[in-house]
Amino acid sequence: MLEITNLSFTLPNQQTLFQNVSVTLHQGEIVGISGASGLGKTTFAKVVTGYLPAESGEINCKRLKNTPHPIQLIWQHPEQAVNPKWRIRKVLEEAGPIDQELLEELQIPFEWLQRYPHQLSGGQLQRICIARCLLTDPSYIIADEMTTMLDPIAQAEIWQLITNHVQEKKIGLLIISHDRLLLDNLCEKIIDFRQYVKPLDDNSRNKHEGVRTHERTT
């Protein structure tokens, strides 16, 4: 079970972005986090997955040396989550040996592996990022606005694929979204992130939420 207890984060200007966030996620459970854009949900995801340090709080699931992080993050913008100079095969191999059965499950043709990221559509590249995530054999996944930039058909296909997989493999899934209808359809419970947010200037929030950090390796 993933336990996040009293997690807080302060911006470089010393303003508190969110405070005392507590979330419990069981393996095989699907939980949603709702809230408007700019509240700090993406920053929260980065802290939980090791891309940013917390000001305070505890996360009981840590990365062990020379192993993938047990909590994997699937980013909103797949084109910003991969190295544009790498072929798709290398992108996937960053996470581990390629699993042909997994590629088939995610409807990823083998010929895509020879392409570069810019040669795939947004939906196709998001499938690659999902495959890379699953190749690490995670215990938990945070999906941060994972399908916001995709058309409705691609959204439905990707959510069907990911929810089927996490239920089969008993992976805990935390879905971050401002789309309440999506969360209502997929999640067993929903947490309103507004309860943890401190009053803050909107420009400060949006500026920080737009910063992408990739210091952590898979």
Side-chain angles (χ1 to χ4, degrees), residues 1-7 9 18 20-35 41-52 54 57-76 78 81 92 94-108 126-147 155-177 179-180 182-193 195-196 216-218:
M1 179 175 68
L2 172 62
E3 290 183 307
I4 302 164
T5 307
N6 294 328
L7 204 65
F9 185 84
F18 54 79
N20 297 330
V21 181
S22 294
V23 177
T24 299
L25 181 64
H26 296 269
Q27 289 184 281
E29 184 180 27
I30 301 177
V31 172
I33 291 183
S34 69
K41 304 186 304 298
T42 292
T43 301
F44 169 74
K46 292 176 183 178
V47 172
V48 173
T49 52
Y51 289 96
L52 289 173
E58 295 292 333
I59 303 169
N60 71 335
C61 195
K62 302 292 186 180
R63 181 183 185 182
L64 301 177
K65 187 177 181 179
N66 298 323
T67 64
H69 200 292
I71 312 171
Q72 288 289 312
L73 176 59
I74 301 177
W75 302 79
Q76 176 180 351
L92 293 175
E94 180 185 24
I98 292 175
D99 182 340
Q100 185 62 40
E101 184 176 340
L102 176 62
L103 297 188
E104 292 175 0
E105 179 183 346
L106 293 174
Q107 301 173 24
I108 297 174
Q126 193 63 290
R127 289 174 191 266
I128 297 298
C129 290
I130 292 171
R132 181 178 61 178
C133 166
L134 296 176
L135 284 171
T136 68
D137 193 24
S139 298
Y140 305 95
I141 295 172
I142 300 180
D144 180 21
E145 302 284 7
M146 184 176 69
T147 58
Q155 286 187 33
E157 290 177 347
I158 284 178
W159 281 119
Q160 185 67 51
L161 290 168
I162 193 71
T163 54
N164 285 347
H165 193 91
V166 299
Q167 289 170 349
E168 177 186 349
K169 301 294 185 180
K170 299 300 181 184
I171 299 170
L173 177 61
L174 188 62
I175 302 175
I176 295 176
S177 180
D179 186 342
R180 185 65 188 224
L182 171 71
L183 297 179
D184 286 339
N185 288 334
L186 295 178
C187 301
E188 299 165 43
K189 65 181 180 182
I190 301 172
I191 299 166
D192 188 341
F193 202 73
Q195 64 186 300
Y196 302 114
R216 198 204 79 180
T217 57
T218 300

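Residue indices begin at 1 and follow the sequence shown. Keep in mind the model is a prediction, meaning the values are calculated, not measured.
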Run the numbers on Leu134 and Gln72 for side-chain contact (heavy atoms from CB on, under 4.5 Å), then give the verdict.
-> CA-CA 8 Å; Leu134 296 176; Gln72 288 289 312; over 6 Å; no

Assess whether atom NZ of Lys189 is packed by more than 12 heavy atoms of other residues, nucleotides or ligands within 6.0 Å.
-> yes

Given the rule in the side-chain contact (heavy atoms from CB on, under 4.5 Å) test, do Trp159 and Asn185 qualify, once you have shown the distances and angles that lead to the verdict?
-> CA-CA 11 Å; Trp159 281 119; Asn185 288 334; over 6 Å; no

Residue pair Ile30 / Gln167, side-chain heavy-atom distance below 4.5 Å = yes

Minimum heavy-atom separation for Thr24 to Val31, with atom names?
-> O-CG2, 4.4 Å

Pairwise distance NE2(His26) to CG(Leu173) - rounded to 0.5 angstrom = 14.5 Å

One should read off an interatomic distance between Ile141 CD1 and Leu2 CG, to the nearest 0.5 angstrom, of 12.5 Å

For Glu157, what residues pass the salt bridge (charged side-chain N to carboxylate O under 4.0 Å, His left out) criterion, not counting sequence neighbours?
-> Arg127

Hey, what do you get for CD (Gln195) to CG (Asn20), rounding to the nearest 0.5 Å?
-> 11.0 Å

Flag, side chain of Glu145 to backbone of Gln76, donor-acceptor distance under 3.5 Å | no

Nearest 0.5 Å please: distance from the OG atom of Ser22 over to the CD atom of Glu58.
-> 11.0 Å

Between Trp75 and Lys46 the two heavy atoms that sit nearest each other are CZ3-CE, 3.7 Å

Could you tell me whether the side chain of Ile130 reaches within less than 4.5 Å of the side chain of His165, counting heavy atoms only?
-> no

Do the non-hydrogen side-chain atoms of Phe44 and Ile33 ever get within less than 4.5 Å of each other?
-> yes

Between Pro78 and Cys129, what is the shortest heavy-atom contact and its length?
-> CB-SG, 3.8 Å

Could you tell me whether the side chain of Tyr140 and the main chain of Met1 form a donor-acceptor pair under 3.5 Å?
-> yes

With no hydrogens and no angle check, is any side-chain donor or acceptor of Asn60 less than 3.5 Å from a backbone partner on Glu3?
-> yes

Interatomic distance, Asp184 atom CG to Ile190 atom CD1 [nearest 0.5 angstrom] | 4.0 Å

Side-chain donor/acceptor of Lys41 to backbone N/O of Gly35, under 3.5 Å = yes

Provide the closest heavy-atom pair for Leu174 versus Val23 in the form atom of the first, atom of the second, distance.
-> CD1-CG1, 4.4 Å

Is there side-chain contact between Ser34 and Asp192, with at least one heavy-atom pair below 4.5 Å?
-> yes

Answer whether the closest heavy-atom distance between the side chains of Asp99 and Leu135 falls below 4.5 Å.
-> yes

Search all heavy atoms of Val47 against all heavy atoms of Ala54 and return the closest pair with its distance.
-> CG1-CB, 3.6 Å

Identify the heavy atoms of Ala95 and Thr136 that sit nearest to each other, and give their distance.
-> CB-CG2, 3.6 Å

Going through the checks in order, is the side-chain contact (heavy atoms from CB on, under 4.5 Å) test met by Met146 and Ile162?
-> CA-CA 11 Å; Met146 184 176 69; Ile162 193 71; 3.9 Å; yes

For Gln100, look at atom CD and say whether over 12 heavy atoms of other residues, nucleotides or ligands are found less than 6.0 Å away.
-> yes

Please confirm whether the backbone N or O of Glu188 pairs with a side-chain atom of Glu29, one donor and one acceptor, at under 3.5 Å?
-> no

Quick one: pull up SG in Cys61 and CD1 in Ile4 and give me the separation to the nearest 0.5 Å.
-> 9.5 Å

Tyr196 versus Ile191: any side-chain heavy-atom pair under 4.5 Å?
-> yes

